[in-house]
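Chain identifiers are assigned alphabetically (A, B, ...) following the order of the sequence lines, protein sequences preceding nucleic acid strands; residue numbering begins at 1 within each chain.
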There are 2 protein chains.
Amino acid sequence: MAVNNDDVKLIGAWASPYVMRPRVALNIKSVDYEFLQEQFGSKSELLLKSNPVHKKIPVLLHNGKPICESSIIVEYIDEVWSSSPSILPSDPHNRALARFWAAYLDEKAAPRAATEEAKSAAVSQLKEGMALLEGAYGEMSKGKDFFGGERIGFLDIAFGSMLGWLRAVQVRVGVKLLDEEKTPGLVKWAEKFSADPAVKDVLPETEKLVEFAKLLSAKFKAAAASDPLRR
Amino acid sequence: MAVNNDDVKLIGAWASPYVMRPRVALNIKSVDYEFLQEQFGSKSELLLKSNPVHKKIPVLLHNGKPICESSIIVEYIDEVWSSSPSILPSDPHNRALARFWAAYLDEKAAPRAATEEAKSAAVSQLKEGMALLEGAYGEMSKGKDFFGGERIGFLDIAFGSMLGWLRAVQVRVGVKLLDEEKTPGLVKWAEKFSADPAVKDVLPETEKLVEFAKLLSAKFKAAAASDPLRR
C-alpha cells in the first residue's frame with residue numbers, strides 16, 4: 001500500500017546499480033513512484049535539467065524538486081518518509097560505519113581495466129574488498145541476516161544493489177567473488193537480500209546483465225576502433 | 001566551555017583541509033578534544049590500527065572507538081552532540097543539497113596536474129567549480145552569511161576547510177579563484193567564515209601553507225628523480 005500522495009518520479013535505467021539503490025529504498029518505505037527510464041546512449045532534457053552538474057542517473061524528483069547522487073537520495077528518502085522502517089541505523093556509530101562502507105564501495109567497486117594485467121589487479125582488488133566486507137558483515141550484523149540487523153539497511157542497499165553486476169562479472173570473467181569458503185557470511189547475506197520483497201522485483205537477472213555487458217563491450221570496442229585519436 | 005566528559009581524540013595534521021573539518025565541527029559543538037598530530041611522511045601505529053582500510057587522517061577516537069572519513073566524522077559529531085547548534089540543515093531537501101555539494105568538493109577539489117597543459121585544465125575546472133558554488137551559495141544562503149544560513153553548517157565546513165589551500169594555490173599559481181567580480185558572494189562568505197570563532201584558530205595561515213607546499217613539491221621532485229622506474 002502506498003504511503004504517499006506526493007508526486008515522486010525516479011529518472012534511471014534498469015541495469016544501473018546506482019539507480020537500484022533508491023528503488024529499493026522507495027520499496028522499503030512503500031512509496032509509489034513513476035520510473036522514467038533513460039535511453040542507453042542519450043540523455044533526456046529532463047535529466048540534463050534536473051542534474052546539470054553531473055548529468056547522471058539516478059535523479060529523484062519529489063514534487064518537482066530534484067535530488068541527485070544515489071546514497072544522498074537514499075538518505076533523503078529515509079528522512080522524508082521517516083515513520084516507515086528506518087534505513088539508517090539509529091546509533092551514530094553504526095550510522096558512521098554504514099556510511100563508511102557505502103563510501104568504500106563507491107570508491108572501489110568499479111575498477112577500470114583495459115589490459116590483462118590491469119584486469120588481474122582489478123580482480124585482486126575486488127577479492128580483497130570482499131574479504132573486508134565479510135569482516136564488516138560479521139561486525140555489523142551481529143548474527144542477524146543483514147548489515148542493518150533484522151532488516152535491510154543503508155549498507156545492505158548500497159552493496160546489495162551491486163549484486164547483479166557482481167554476479168555478471170563472475171560469469172563474464174570466470175572468477176568467484178562471493179565464495180562459500182572465503183566469504184560464507186556474504187553468500188548467505190546475498191541470498192537473503194535478493195529474496196527480500198523490497199528487492200526481488202528490481203534486482204536485474206544475471207543473464208540479462210551479461211547480455212547487456214556484451215553489448216556495452218562491443219559498442220566501446222567499435223567506438224575505440226573508430227576513434228581518430230587512437231594510438 | 002566544554003560540553004563533554006567523553007574521551008575525544010582526533011588524529012590529524014595541521015595542514016590538512018580534511019582534518020580541519022572535524023576540528024571546526026568540534027569547536028561549533030564546544031567539545032574538548034586532544035589533537036594527535038601525525039608526523040609528515042610516516043604513519044603512527046595508532047593511525048594504522050584505527051583506520052586499517054584507508055590508513056588516512058582524520059580519524060576521530062570517541063571513547064576509543066574510531067570514526068573515519070572527514071564528512072562522515074562531521075555528521076557523527078552533529079548526531080552525538082545533538083543539543084548544541086546543528087550542523088546539518090533540518091530540512092531533508094536542504095540536507096541533500098549540502099551533502100551533494102560537499103561530495104562535489106571531495107570529487108573535484110584536488111585535481112592532479114603534472115604537465116603545464118594539465119595545470120591549465122585543472123585551473124579551468126577549479127574556476128568552473130567556483131562559479132557553480134557561487135550559484136549554490138545564492139540559492140542556499142538566502143541572503144544570510146553562510147551556506148547554512150545564519151550559522152556555519154555542513155557545506156560551510158566542507159568548503160571552508162579548503163580555503164587555506166585555495167588561497168595558497170592562488171599565491172603559488174598566480175590565479176584568482178575567489179574573485180570580487182565573478183564570485184562576489186563567495187568572497188564575502190570566505191571572509192565571514194575565516195573570522196568565525198569556531199574557525200579562526202584552526203584555519204592555517206596562507207603563508208605557512210605556501211611554505212609547506214614548496215617543501216612538498218621539492219620532496220616529490222626528489223623522490224621522482226631517484227625513482228628507478230622513472231621514464
Side-chain angles (χ1 to χ4, degrees), chain A residues 6 18 22 25 29 50-56 58-82 87-108 125 128-129 131-133 135-136 139 154-155, chain B residues 6 18 22 25 29 50-56 58-82 87-108 125 128-129 131-133 135-136 139 154-155:
Chain A
D6 299 13
Y18 301 103
K29 300 284 187 176
S50 305
N51 188 358
V53 174
H54 299 303
K55 304 173 181 71
K56 280 183 187 163
V59 179
L60 183 78
L61 295 166
H62 183 203
N63 296 329
K65 277 191 185 177
I67 299 101
C68 305
E69 301 279 65
S70 65
S71 287
I72 294 172
I73 298 172
V74 172
E75 292 220 40
Y76 176 85
I77 290 167
D78 198 31
E79 290 166 0
V80 167
W81 291 284
S82 55
I87 292 174
L88 266 292
S90 55
D91 171 72
H93 188 255
N94 291 338
R95 289 165 81 91
L97 269 181
R99 287 180 178 134
F100 174 85
W101 285 109
Y104 174 86
L105 284 167
D106 282 351
E107 195 187 321
K108 306 278 184 185
Q125 187 187 308
E128 190 190 313
L132 287 172
L133 284 159
E139 186 189 354
F154 189 66
L155 180 53
Chain B
D6 301 12
Y18 301 104
K29 299 284 187 175
S50 305
N51 188 358
V53 174
H54 298 303
K55 304 172 181 71
K56 279 183 188 163
V59 178
L60 184 76
L61 294 166
H62 183 203
N63 296 329
K65 278 190 185 178
I67 299 101
C68 306
E69 300 280 65
S70 65
S71 287
I72 294 173
I73 299 172
V74 171
E75 292 220 40
Y76 176 84
I77 291 167
D78 198 30
E79 289 167 1
V80 168
W81 291 282
S82 55
I87 292 174
L88 267 292
S90 55
D91 172 72
H93 188 255
N94 291 338
R95 290 165 79 93
L97 269 181
R99 288 179 177 134
F100 174 85
W101 286 109
Y104 173 86
L105 284 167
D106 281 351
E107 195 186 320
K108 306 277 186 185
Q125 187 188 307
E128 192 190 311
L132 287 173
L133 283 159
E139 186 188 353
F154 189 68
L155 180 53

Bottom line for B:N51: the part with an atom under 4.5 Å from chain A's heavy atoms is side chain
By salt bridge (Lys or Arg N to Asp or Glu O under 4.0 Å), B:E75 pairs with (sequence neighbours left out) A:R99, B:R99
*asked:* If you apply the rule side chain to side chain contact (heavy atoms under 4.5 Å, CB included), what do you find for A:H93 with B:Y76, and how did you get there?
replied: CA-CA 7 Å; A:H93 188 255; B:Y76 176 84; 4.1 Å; yes
Pair count under 4.5 Å, heavy atoms only, with chain B: among A:A96, A:P52, A:A103, highest is A:A96
### Message
Is the ring pair A:Y104/B:H54 parallel, tilted or perpendicular, if the boundaries are 30 and 60 degrees?
### Response
tilted
*asked:* Could you go through A:F100 and B:I67, starting from their C-alpha distance and side-chain angles, then the distance that decides it, and tell me whether this counts as side chain to side chain contact (heavy atoms under 4.5 Å, CB included)?
replied: CA-CA 9 Å; A:F100 174 85; B:I67 299 101; over 6 Å; no
Honestly, the part of A:E128 sitting under 4.5 Å from a heavy atom of chain B is neither
